[in-house]
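Taking it in order: structure first as structure tokens, then the write-up.
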Amino acid sequence: TETVGVGAMVYVKDQKSGESRHFRLVGAAEADGKDKLSNESPIGKALIGAKKNEIVTVETPRGPKKKLKVTKIEAA
């Protein structure tokens with residue numbers, strides 16, 4: 001998969017903490033806040049359309065901006 005879209009499994013690495021995470025990007029009704037993340041959430045919005053190895057900046061409601069590097073994208 002070339003770019004992040006709804007249904008994709010996205011692997012990211014936080015550029016500040018070094019922490020790696022993965023989640024499936026889903027519609028708001030399916031989101032659970034753990035491994036299923038809404039495409040309408042701040043992280044979801046930032047990741048839509050991103051490519052592998054791209055670094056996206058996420059505006060967070062609480063705290064500083066996050067920089068996440070897309071390390072892998074898997075199709076649904």
Side-chain angles (χ1 to χ4, degrees):
T1 302
E2 294 290 317
T3 60
V4 176
V6 174
M9 179 68 77
V10 185
Y11 295 77
V12 297
K13 183 174 184 178
D14 186 305
Q15 295 299 283
K16 186 175 182 181
S17 71
E19 177 186 1
S20 293
R21 295 182 57 198
H22 68 278
F23 34 76
R24 184 163 308 280
L25 212 53
V26 297
E30 292 180 68
D32 64 10
K34 296 177 190 140
D35 58 347
K36 292 183 181 175
L37 195 64
S38 170
N39 63 325
E40 297 173 17
S41 70
I43 294 174
K45 285 180 184 177
L47 288 172
I48 291 284
K51 295 179 165 79
K52 184 178 176 186
N53 294 321
E54 187 174 334
I55 296 174
V56 297
T57 301
V58 180
E59 296 279 348
T60 56
R62 292 172 253 116
K65 294 179 185 176
K66 287 184 176 263
K67 289 191 183 290
L68 302 175
K69 181 176 183 177
V70 178
T71 58
K72 186 176 179 183
I73 305 167
E74 292 178 353

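Predicted, not measured: the structure shown is a model, and the values here were computed from it.
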List for me each residue that meets side chain to side chain donor-acceptor pair (under 3.5 Å) alongside Ser17, sequence neighbours excluded, and say none if there are none. none

Listed partners of Lys67 passing side chain to side chain donor-acceptor pair (under 3.5 Å), at least two apart: Thr57

Using every non-hydrogen atom in the two residues, find where [X] and [Y] come nearest and quote the distance to one decimal.
X	Y	value
Asp32	Lys34	OD1-N, 2.8 Å
Met9	His22	SD-CD2, 3.7 Å
Arg24	Ala75	NH1-O, 4.3 Å
Pro42	Pro61	CG-CD, 4.2 Å
Ser41	Ser38	OG-O, 2.8 Å

Remaining members of hydrophobic cluster (4.5 Å side-chain criterion), Val70: Val4, Val6, Val10, Val12, Phe23, Leu25, Leu37, Ile43, Leu47, Ile48, Val56, Val58, Leu68, Ile73

Contacts of type salt bridge (Lys or Arg N to Asp or Glu O under 4.0 Å), residue [X], not counting sequence neighbours:
X	value
Asp14	Lys66
Lys72	Glu74
Glu59	Lys65

Find out whether Lys45 and Asn39 are in side-chain contact, i.e. whether some heavy atom of one side chain is under 4.5 Å from a heavy atom of the other. no

Please evaluate residues Lys52 and Thr71 with respect to the criterion side-chain contact (heavy atoms from CB on, under 4.5 Å), reporting the C-alpha separation (whole Å), side-chain torsions for both, the decisive distance (0.1 Å), and the verdict. CA-CA 6 Å; Lys52 184 178 176 186; Thr71 58; 6.0 Å; no

Please check this pair: side chain of Gln15 against backbone of Lys13, looking for a donor-acceptor N/O pair closer than 3.5 Å. yes

